[in-house]
Amino acid sequence: MTEEAGFAAGDLPDDLTAAEAGMWQAFRNGSVYDLSCGDAVVDDPHGGHPWGPERTVRARTVAWLLLDGPPALAGRVSSLKLAGVRITGPLDLSGGTVRPYVELRGCRFDDEVLLPEARFTTLRLVDCAVPRLEAARLHTEGDLHLPRCRFQNGVRLTDAHIGTDLLLNEAVVYRDRSGRSISGDGVTVGQDLQAEMLQSHGELRLRGAKVGVSLSLRGASLDNPYARYALNAPQLTVERTLYLTPAGVGSPLLSGTTPARGTRIQRFDCRGGIRLDDGRFGDAVDFERARFTLTDDQELSLRRVHASELRFLGDGPQRGKVVLSGARIVNLVDRAASWPGPGNLHMGGFVYENLVPRGPFPLTGRLDWVAAATAEYAPEPYERLAAVLRAAGEDEDAREVLLAKQRRRRETLPLAGKFWGYLQDWTVAYGYRPGRAAVWMAVLWAAGTLAFAHADHPPTNHDSHPAWSPALFTLDLLLPVIDLGQASQWQLRGGWQWLAAAMILLGWILATTVAAGATRLLRRS
């Protein structure tokens with residue numbers, strides 16, 4: 001306070017209560033002002049036990065201290081450190097600049113906290129009961145810590161700028177009137193955003209948010225089953241990794257570590273859709289052991305996501321859709337059981353460069369995976385899988401994938417096309433198994449040789465003709481383009497003429513399918 005305010009800097013305002021006077025002195029001293037009684041039940045800020053006037057201060061007095069408080073005592077740094085204090089009335093610091101350090105632990109607010117466009121160095125509310133936090137365009141130079149707090153009517157952090165870390169670990173946030181638990185559209189966090197074991201009852205909204213290091217939702221529970229999304233975060237940018245993974249309950253190391261053996265695990269659990277469309281993730285999006293409960297109308301949407309790695313290792317959703325259309329991933333780490341069934345997976349334009357399966361994932365399973373993503377025939381998913389397998393040196397598997405593509409395409413053709421497709425498949429497997437052509441050629445050559453050995457074969461030119469050879473004659477019929485000088489030298493009649501025509505036709509079929517397959521292999525498609 002100043003002299004103009006009506007009293008000297010060391011004096012106390014006349015209208016302070018005893019609890020407020022103690023808080024005033026603690027502020028000047030920079031010490032913790034603790035009004036808790038030591039009884040855990042009574043001191044629980046979220047419980048129903050009443051706190052009397054002996055531990056109650058007015059919000060306007062708190063605002064007075066923070067915005068225009070008295071100078072610190074000599075050799076001290078003024079700060080507001082409260083524990084076990086009840087604050088009545090709305091705490092309104094809208095547009096203000098708060099220079100002192102602020103840390104409130106185990107406090108109870110009767111009314112909402114209003115911080116829009118306020119500026120702080122660091123603000124910590126730990127294990128506090130807050131009806132609502134309104135902090136749009138809040139600016140902090142350091143941290144904003146809200147761990148273990150409970151917000152009955154939501155949190156608004158729209159366009160807030162957090163200089164270092166935003167912590168929401170173990171917070172419990174209920175929906176506001178618009179159905180949102182946390183509104184964080186456009187929020188910028190300089191380092192980590194940690195919301196581990198967060199309980200969100202409503203839509204967690206982070207449209208266009210930017211996180212300088214990692215975003216951790218380890219062990220979080222997102223519950224919004226009757227709306228479209230439980231996590232709505234399109235255009236989210238995370239410089240490193242988004243964790244939707246388990247957390248170790250009771251472990252002091254909840255971030256960035258694997259829980260030790262024997263630690264109780266709490267998995268990431270989402271009841272409602274997730275939208276991460278157009279997101280950019282420098283390292284990975286990690287769904288290790290994540291659990292999704294979706295309705296038929298809800299989605300796990302990763303449209304046009306860019307990430308170095310997608311770890312799709314959660315439980316496969318029984319209902320709802322997984323959408324990867326247009327996503328671009330370098331490493332796809334997955335397991336067979338993590339993907340949904342046919343009709344619930346969409347991968348149009350999905351590009352990945354390497355497959356890293358966890359556990360058994362045979363080629364038949366991969367083909368089922370692609371088939372599940374293409375309710376109607378589309379060549380692109382098959383060609384992408386074949387290209388990735390070929391790049392990994394699995395040429396045989398790549399050919400099997402392309403063969404499966406041709407078989408799937410055959411289902412869309414008219415009757416004549418299907419007949420031709422089946423013929424190509426039975427003979428040379430669309431050219432992807434060229435060894436079959438040699439087998440068929442050998443069989444037809446042997447059969448034709450045995451048959452034509454008994455044929456009547458008058459020469460076309462009695463004066464000059466080669467010696468009759470059923471083997472060379474049959475081979476000349478089967479090999480189109482190549483002329484061995486046999487077929488034109490002999491005349492066949494009746495059924496033998498029809499047999500020769502059949503041999504010519506079969507030779508052309510074999511040659512055409514082998515040529516088509518060779519062309520596909522040369523084009524490496």
Side-chain angles (χ1 to χ4, degrees), residues 1 12-70 78-94 96 98 100-116 118 120 122-135 138 143-157 167-174 176 181 199 201:
M1 293 299 297
L12 292 174
D14 294 334
D15 61 345
L16 296 186
T17 66
E20 291 172 345
M23 177 178 67
W24 193 279
Q25 296 292 358
F27 174 83
R28 297 190 64 203
N29 193 45
S31 58
V32 176
Y33 188 53
D34 190 350
L35 295 181
S36 56
C37 67
D39 185 327
V41 176
V42 175
D43 288 336
D44 183 4
H46 317 294
H49 201 284
W51 292 0
E54 72 281 356
R55 56 192 302 180
T56 300
V57 300
R58 291 168 293 178
R60 69 181 184 87
T61 307
V62 174
W64 191 355
L65 284 173
L66 293 178
L67 297 176
D68 194 23
S78 59
S79 60
L80 186 67
K81 302 176 183 176
L82 305 181
V85 175
R86 176 190 173 201
I87 301 169
T88 60
L91 177 59
D92 191 350
L93 301 171
S94 303
V98 178
Y101 173 82
V102 182
E103 181 174 322
L104 281 67
R105 291 182 175 270
C107 293
R108 180 184 295 174
F109 290 83
D110 285 1
D111 295 283
E112 61 186 353
V113 176
L114 304 172
L115 307 177
F120 286 79
T122 291
L123 174 60
R124 290 188 171 97
L125 303 180
V126 181
D127 195 23
C128 293
V130 186
R132 176 172 173 79
L133 175 60
E134 180 68 48
L138 169 72
D143 298 338
L144 174 61
H145 287 190
L146 304 170
R148 300 193 301 282
C149 288
R150 293 191 182 184
F151 302 93
Q152 294 298 323
N153 295 298
V155 173
R156 187 181 183 202
L157 291 168
L167 266 60
L168 288 157
N169 294 343
E170 300 181 67
V172 181
V173 190
Y174 294 92
D176 60 14
S181 59
Q199 294 183 40
H201 301 273

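In this structure, CD in E54 is found 10.5 Å from OG1 in T17, a value given to the nearest 0.5 Å. Interatomic distance, CG of L138 versus CG of L157, reported as 7.0 Å (0.5 Å rounding). Rounded to the nearest 0.5 angstrom, Y33 OH and E20 CD are separated by 9.0 Å. Remark: L82 CG to R105 CZ distance equals 12.0 Å, nearest 0.5 Å. The line from CG of L146 to CG of L123 is 7.0 Å long, rounded to the nearest 0.5 Å. The structure places SG of C37 at 7.5 Å from NE2 of H49, a figure rounded to the nearest 0.5 Å.
R148 contributes no side-chain N or O that, together with a main-chain N or O of V126, makes up a donor-acceptor pair within less than 3.5 Å. In this structure a side-chain-to-backbone donor-acceptor pair under 3.5 Å is missing from D43 to S36. In this structure, D143 contributes its side chain and H145 its backbone to no donor-acceptor pair below 3.5 Å. At distances below 3.5 Å, not a single donor-acceptor pair connects side-chain atoms of D176 with backbone N or O atoms of N153. Listed for the D111 side chain is a donor-acceptor partner under 3.5 Å among the backbone atoms of G89. A donor-acceptor contact shorter than 3.5 Å links the side chain of R108 to the backbone of D44.
Ionic pairing of R55 and D34 is not present here: no N-O contact between side-chain nitrogen and carboxylate oxygen is shorter than 4.0 angstrom. Here D15 pairs with R60 in a salt bridge; the nearest charged N to carboxylate O distance falls below 4.0 Å.
Of all the heavy atoms in P53 and A19, the pair that sits closest is O-CB, 4.1 Å. Between G84 and L35 the shortest heavy-atom distance is O-CB, 3.7 Å. Summarising the geometry of L16 relative to T61, their closest heavy-atom pair is CD2-CG2, 3.8 Å, with the distance given to 0.1 Å. Residues L125 and C149 approach most closely at O-SG, 3.1 Å, considering heavy atoms. Contact detail for C107 and P45: the closest heavy-atom pair is O-CB, 3.6 Å. S79 and P100 get closest at one heavy-atom pair: CA-CB, 4.2 Å.
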Check step by step if side chain to side chain contact (heavy atoms under 4.5 Å, CB included) holds for L93 and L67. CA-CA 8 Å; L93 301 171; L67 297 176; 3.8 Å; yes

Is there a side chain to side chain contact (heavy atoms under 4.5 Å, CB included) between D110 and I87 once you walk through the steps? CA-CA 6 Å; D110 285 1; I87 301 169; over 6 Å; no

Verdict with reasoning, R132 to R156, per side chain to side chain contact (heavy atoms under 4.5 Å, CB included): CA-CA 8 Å; R132 176 172 173 79; R156 187 181 183 202; 3.6 Å; yes

Using the rule given for side chain to side chain contact (heavy atoms under 4.5 Å, CB included), can you reason through T88 versus F109, listing the C-alpha separation, both sets of side-chain angles and the distance that settles it, and then say yes or no? CA-CA 6 Å; T88 60; F109 290 83; over 6 Å; no

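Relative orientation of the W24 and W64 rings is perpendicular, given thresholds of 30° and 60° on the angle between their planes.
Checked by atom type, the side-chain pair H46/D127 shows a donor-acceptor distance below 3.5 Å.
Side-chain contact between P70 and R28: present, with at least one pair of heavy atoms (C-beta onward) separated by less than 4.5 Å. Between F120 and V102, the closest side-chain pair of non-hydrogen atoms falls below 4.5 Å. At least one side-chain heavy atom of L80 sits under 4.5 Å from a side-chain heavy atom of L66. In this structure, the side chains of V32 and E103 stay at 4.5 Å or more apart for every pair of heavy atoms.
Residues that satisfy the ring pair (Phe, Tyr, Trp, His ring centres under 6.0 Å) test with Y101, not counting sequence neighbours, are absent from this structure.
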